There are 2 protein chains.
Amino acid sequence: MMPIRIAIFDDNNSIRDSIAMLLQTEKEFELAGSFAHVLDCVDDLKTCKPDIVLMDIEMPGMNGIEAVRLIKQALPDIQILMQTVFEDDDRVFDSICAGASGYILKNQLNSRLIHFIKELKLGGSPMSPSIARKVLTKMQEISAVLKPEADNDYKLSSREKDVLTCIVNGLSHKMIADELNISYETVRSHVKKIYEKLHVVSISQAVFKALKEKLV
Amino acid sequence: MMPIRIAIFDDNNSIRDSIAMLLQTEKEFELAGSFAHVLDCVDDLKTCKPDIVLMDIEMPGMNGIEAVRLIKQALPDIQILMQTVFEDDDRVFDSICAGASGYILKNQLNSRLIHFIKELKLGGSPMSPSIARKVLTKMQEISAVLKPEADNDYKLSSREKDVLTCIVNGLSHKMIADELNISYETVRSHVKKIYEKLHVVSISQAVFKALKEKLV
DNA sequence: GTTTCAATCCCCGAATTCGGGGATTTTTTT
DNA sequence: AAAAAAATCCCCGAATTCGGGGATTGAAAC
């Protein structure tokens, strides 16, 4: 059976060493490389040809997330497992979007790392429980803003929608009057009605609401 | 210690029974209810008050995904663990977007179900490995189509971004001055600089541009 | 057949926004 | 040390927006 070749990026020497030792306890694992920084990561990986990369985030020179991006661009078949102490939303999602296939926290890993690597190799995406929850929550948020947005009905008349569209596009009342061939005062009337219906009191609020709730 | 109360929705009687039996082997678990369909799920759950719901997808009358939506609307604190044989993308993502906090496949569950339920209760999101991979891949896809509007750099200073954010949120200059604890005239100065940098001449255009190009 | 509503137009006065100056202080860059 | 940029504050005058009235017409709803 082909061994699973693994490369490590972590600026902490003792962590790298202890991971290397841990990997040695599994005979199907093979340490392909161990690096303290990611400045030459693509070249490093082209040379050592691993199946899987363990990537820390905080490193001198370039951070691990940017490295993930570069690696997946150059070598898309390599699976990358983030392995870090950070669990703030930004770093988690940036890592995933950059192309990581798993994200585990460093604290409770030791015994489980072997299991996580195997899971990754089998097509899974190992994540620490709190990370997995963040990911699902994020997906729900995304779908909520991306999806329907049809429950709002402010009962704008068609003319009012015309006017609102012009407002959103940045036209002044005077320009709207010209655009729609009506008088300035008519535009004013429509605008007043729109504000009333949308429960806003200014152009900026109207534009924000119109865009946020896809009224135009 | 408070027991973990669990309700089961599955149209297959023998599966419900064997899950119930499995749960009994853990003394911290308590079966709150067991139902063959979801037609009255919200009422059922209001009565039996579980912490966690195990939800099958294929059921007579209403499917499990729609039930998840209703349950999360009415009882948002209940955590729902999908437990099904389906792993097609649509059902997986629909379930998650409907509000499920975990998604496990029925085949290899028996021994692990107890572990998954505990993980869910502790704030994790248990997923079968293949499901977790699908979720991450989906997130990467979404970010890929959502992203590529970052080529714009109007070089707004951080204070200008503060002001722009306030503007987008519908605050008047006077309110912004108050919010940021600076004088009205300072707000004016920032606004002028913002307009110059964004190449706009009015609030509406600024809000539109800020939202469209995700500057805030 | 009256009422309701959308669409059009008008006036006044107050508040807000905008453009075009200028100035000082602090921080950052060079 | 000098230059550039960021952040703060001020004034004037003009343009625009806003709130609160009102009015007319025509079409749709009751």
Side-chain angles (χ1 to χ4, degrees), chain A residues 60-63 66 90 150-216, chain B residues 150-216:
Chain A
M62 188 199 308
N63 85 31
E66 201 43 49
D90 283 350
D151 52 339
N152 41 38
D153 185 12
Y154 296 97
K155 297 206 174 69
L156 295 181
S157 74
S158 88
R159 205 53 167 161
E160 285 158 3
K161 278 178 195 157
D162 292 344
V163 173
L164 183 55
T165 303
C166 290
I167 288 178
V168 168
N169 282 23
L171 303 189
S172 72
H173 294 181
K174 208 175 284 183
M175 292 161 83
I176 295 173
D178 201 53
E179 175 76 21
L180 300 182
N181 286 113
I182 52 181
S183 93
Y184 170 81
E185 287 298 336
T186 306
V187 175
R188 288 268 298 121
S189 298
H190 287 312
V191 170
K192 279 187 257 190
K193 211 86 184 107
I194 291 169
Y195 285 8
E196 199 182 313
K197 289 181 177 177
L198 296 191
H199 305 299
V200 301
V201 297
S202 68
I203 280 209
S204 49
Q205 291 176 359
V207 172
F208 181 68
K209 199 152 192 171
L211 289 176
K212 197 184 61 172
E213 314 204 9
K214 301 194 209 307
L215 300 178
V216 293
Chain B
D151 52 335
N152 40 38
D153 184 12
Y154 296 97
K155 297 206 174 69
L156 294 182
S157 74
S158 89
R159 205 53 167 162
E160 285 158 3
K161 278 178 196 158
D162 293 343
V163 173
L164 183 56
T165 303
C166 290
I167 289 178
V168 168
N169 283 11
L171 276 60
S172 71
H173 294 179
K174 208 174 283 183
M175 293 161 83
I176 296 173
D178 201 54
E179 174 77 20
L180 299 181
N181 286 111
I182 53 182
S183 93
Y184 171 80
E185 287 298 336
T186 306
V187 175
R188 288 266 300 120
S189 297
H190 287 311
V191 170
K192 279 186 254 190
K193 211 82 184 110
I194 291 169
Y195 285 10
E196 197 183 315
K197 288 181 177 177
L198 297 191
H199 305 300
V200 301
V201 298
S202 69
I203 280 206
S204 48
Q205 291 176 358
V207 173
F208 181 66
K209 199 152 193 170
L211 290 176
K212 198 184 60 173
E213 314 204 7
K214 302 196 205 309
L215 301 178
V216 292

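On a predicted model such as this, the values are computed, not experimentally measured, just so you know.
- Interatomic distance, OH of A:Tyr184 versus OG of A:Ser189, reported as 10.5 Å (0.5 Å rounding).
- Rounded to an integer number of Å, the gap from A:Asp162 CG to C:dT8 C1' is 14 Å.
- When rounded to the nearest whole Å, the span between CD of A:Glu160 and C1' of C:dT8 equals 12 Å.
- Side-chain contact between B:Leu211 and B:Val168 is present, with heavy atoms from C-beta onward closer than 4.5 Å.
- Close approach of DNA chain D to chain B, defined as any atom under 4.0 Å from a non-hydrogen atom of the protein, starts and stops at D:dA6 to D:dC11.
- Within the 4.5 Å cutoff, no side-chain heavy atoms of B:Leu198 are placed close to those of B:Gln205.
- When side chains are defined from C-beta on, B:Ile182 counts as touching B:His190, because their heavy atoms get closer than 4.5 Å.
- Among the heavy atoms of the strands lying under 4.0 Å from A:Tyr184 is at least one base atom, whether or not backbone atoms are also near.
- Residue-to-nucleotide proximity on DNA chain C shows that, of A:Val187 and A:Lys193, the 5′-proximal contact is made by A:Lys193.
- When heavy atoms are screened at a 4.0 angstrom cut-off, A:Thr186 is found touching base atoms of the nucleic acid.
- The 5' end of DNA chain D is approached more closely, in terms of each residue's nearest nucleotide, by A:His173 than by the other of A:His173 and A:Ser189.
- No side-chain heavy atom of A:Val163 sits less than 4.5 Å from a side-chain heavy atom of A:Glu160.
- For C:dA7, one of the phosphate oxygens OP1 or OP2 lies less than 4.0 angstrom from a side-chain nitrogen or oxygen of A:Ser158.
- Across all strands shown, A:His190 has heavy atoms under 4.0 Å from base atoms, whether or not it also approaches the sugar-phosphate.
- Among the protein residues, A:Ser202 comes within range of the sugar-phosphate backbone only, with heavy atoms under 4.0 Å from sugar or phosphate atoms but none that close to a base.
- In this structure, the CZ atom of B:Arg188 is 16 Å from the C1' atom of C:dA23, given to the nearest Å.
- B:Lys197 approaches B:Tyr154 most closely through the heavy-atom pair O-CD2, 3.4 Å.
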